[in-house]
Amino acid sequence: MADVDVDLDMEQQKKSRKRERDEAKKKILKKLAIKQEKESILIHDEPNKKKKLKQRGDDEEKEAAVTAVSNDEEPKKKKKKKNKDVNIVKSKEEEDNSLEEEEEDNSLEEEEEEEEEEKGEETSGDGMMSSKTFESLGLSDKTLKSIKEFGFKFLTEIQAKAIPRLMEGKDVLGAARTGSGKTLAFLIPAIELLYNVSFSPRNGTGVIIICPTRELAIQSFLVAKDLLKYHSQTVGKVIGGENRKKETEILVKGVNLLVATPGRLLDHLQNTNGFVFKNLKYLVMDEADRILEQNFEEDLKKIIKLLPKTRQTSLFSATQTSQVEDLALVSLKEPFVYIDVDEGRKEVTNEGLEQGYCVVPTAKRLIFLVSFLKRFLGKKKIMVFFSTCKSTKFHAELCRYIKIDCLEIRRGMDQTKRSSIFFQFNKAETGILLCTDVASRGLDIPHVDWIVQYDPPEDAKTYIHRVGRTARGEGAKGKALLVLTPNELQFIQHLKAEKIPIEEHEFEEDKLLNVKSFLENLINDNDALKESAKEAYKTYIAGYDSQKMKNVFDVHRLDIKDVAATFGFSDPPNVALKIDRGGYKSKREPVNKFNRGRGGRAGGKKYERY
Ligand SMILES: Nc1ncnc2c1ncn2[C@@H]1O[C@H](COP(=O)(O)OP(=O)(O)OP(=O)(O)O)[C@@H](O)[C@H]1O
């Protein structure tokens, strides 16, 4: 699989990535330390930790006072898991893994363990739950009653650490893995705050929650609504794609807790007369890194400028970026609390998640997908991720032609339809949802069995959010399958470097359905489907060209004929391909597989992926 050069290359990359990570971490802690409060390390009343923290030098204590708080449990020894029931792919024997890879992993782990010891801190355990009960928080009876109806008794770690601090009025920057209960961590203090100051509709909006996607906003709105069931305070949402006039009417009547997407919120802040936000007490930015990624940075700056300064603010996400740290510095007031419950964990994904990848030759990808979906149709609940809207649309159309019942969520769909599909899939026991990354963040869809990444994510962070749609909450289980072509295999090293445990499944060609000619004929004989396939093919390549990790996803290494085959064409269709010719070129693989004559420059414009 790998020659010596490549191994060395990977080792160097791994080391340099680790160095970068460490440096970034140090930078963040240093930056944050300027604005920190000393006692925030002792969020957890736990004798051992206090003792250990005491042992640290005074200087270090000052420096690292915003250090993440860790879980109570000792780190558990990880058992290697095997993925068993992929059927058309099977687990490879452990011996198949190269010795060098294992040695690399071990040395990385050892390095990390040493670092943890040096820091003199306990590392987090892998458990998501704390031993703290909701009753112990001193919440209002009304809120407690709702929580009881949810069936929750104990707080998750992020809730146990964030809620008390938020209820004290502190600003919080919170990081915790996907599905760990961040929504209640920011909503409970929000509701208690509104209740404690007896907010009423005539006071206008006291809390604003900003979410990056419409579906996530709807979901958070529904959780807030349930939590407010026994309260008199009002809740509402303003999200792109919905009826602006109706939203205005509700805002004017007085929405105490408002959930919003950034663009629509800014619109209302600037243009809606009678929208009272001068009494705002608390602003939450959920999935903060995603909000920034989606070119909402400008909107966010304007929103923050328009909102009252004397408010509480919190930022939450499963993954943090330096942009989020910068946003924290401008939007959180000093001193603020930095909580990272997963600091020190050996893995960044959830325990109940079995993760595998399968190396599938480009030309066989479509048949692999069809075979996989046919196998689990009507038996499992599956989300399949694609890189572009057009590709999602084409595959959904194709699936319906071949009696693979499926739903789709992507941009470019009417919002009412998008919402109804989201709810339909939410309620379904089994089913297939084809989607873009618009569905990768925050969505809490019950009992998803499989996350299939048919098109690779752009980085490890996106990978984490995608797989985070399954195995959510304490004890939950789920499976994730990443489909890679042989040229993309290096991506696995990036995932492993980010503490993502993933095992190879063997690609079993003999288990594929014999549908190649059938699919080709179907697509070529149906004008609408053929047109859709062409668009999908074109945007897949343009999307590939806009990938950030050019050394892994190199458009110039794609074999155009094979790519065409995976969209059902025996020969590449005659479409103009917009490819940046100046990209990274592999030393090992022949390039110039494209008919460059038909191509055009991407002009440096980032391709809109979903
Ligand atoms: N204290 C609790 N006890 C049991 N289940 C909980 C608790 N808090 C939240 N949950 C459940 O855990 C699931 C995940 O919660 P939530 O959606 O808030 O996760 P998240 O951390 O925001 O995830 P993501 O990063 O993907 O947005 C939900 O189904 C939620 O109802």
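Keep in mind that the numbers below use all heavy atoms, side chains included, and drop hydrogens, waters and symmetry copies. Just so you know, ligand 1 is whichever comes first in the structure, and atom 1 is the first atom listed for that ligand.
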- prompt: In chain order, what residues pass the side chain to side chain donor-acceptor pair (under 3.5 Å) check against Thr156, with sequence neighbours excluded?
  reply: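 Per chain and number, Thr156 pairs via side chain to side chain donor-acceptor pair (under 3.5 Å) with Gln159.
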
field: Qualifying residues under side chain to side chain donor-acceptor pair (under 3.5 Å), relative to Ser140, sequence neighbours excluded
entry: Thr143, Glu192

field: Part of Phe154 within contact of ligand 1 (heavy atoms, under 4.0 Å)
entry: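 The backbone, only.
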
- request: Would you mind telling me if ligand 1 is within reach of the side chain of Arg472, the backbone, both or neither, using heavy atoms under 4.0 Å?
  value: side chain

Do me a favour and list the nearest non-hydrogen protein atom to [atom] with residue, atom name and distance?
| atom | value |
| --- | --- |
| atom 28 (C) of ligand 1 | Asp444 OD2, 2.9 Å |
| atom 11 (C) of ligand 1 | Phe152 CZ, 3.9 Å |
| atom 9 (C) of ligand 1 | Gln159 NE2, 3.6 Å |
| atom 23 (O) of ligand 1 | Gly179 N, 2.7 Å |
| atom 25 (O) of ligand 1 | Lys182 NZ, 2.7 Å |

task: Would you name the heavy atoms of Leu265 and Val238 that are closest together and state the gap between them?
output: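 For Leu265 and Val238, the tightest heavy-atom pair comes out as CA-CG2, 4.3 Å.
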
task: Indicate the atoms forming the closest heavy-atom contact of Ser317 with Arg441, along with that distance.
output: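 Heavy atoms of Ser317 and Arg441 come nearest at OG-NH1, 3.7 Å.
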
Quick one: which ligand 1 atoms are inside 4.0 Å of a heavy atom on [X]?
| X | result |
| --- | --- |
| Glu287 | 24 (P), 25 (O), 27 (O) |
| Gly442 | 24 (P), 26 (O), 27 (O) |
| Met129 | 3 (N) |
| Phe134 | 1 (N) |
| Arg177 | 21 (O) |
| Arg469 | 26 (O) |

Does a salt bridge link [X] with [Y], judged by any charged N lying under 4.0 Å from a carboxylate O?
| X | Y | answer |
| --- | --- | --- |
| Lys461 | Asp289 | yes |
| Glu429 | Lys381 | no |
| Lys148 | Glu135 | yes |

Charged tip of Lys237 within 45° of Phe221 ring normal and under 6.0 Å: yes

Aromatic centroids of Phe491 and Phe553 separated by under 6.0 Å: yes

statement: Among Leu184, Asp286, Thr319, Thr183, closest by heavy atom to atom 16 (P) of ligand 1 is Thr183

message: For the backbone of Leu353 and the side chain of Asn350, can you confirm whether one donor and one acceptor N or O come within less than 3.5 Å of each other?
response: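 No.
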
- request: Using distance alone, determine whether Ser180 and ligand 1 share an N or O pair under 3.5 Å.
  value: yes

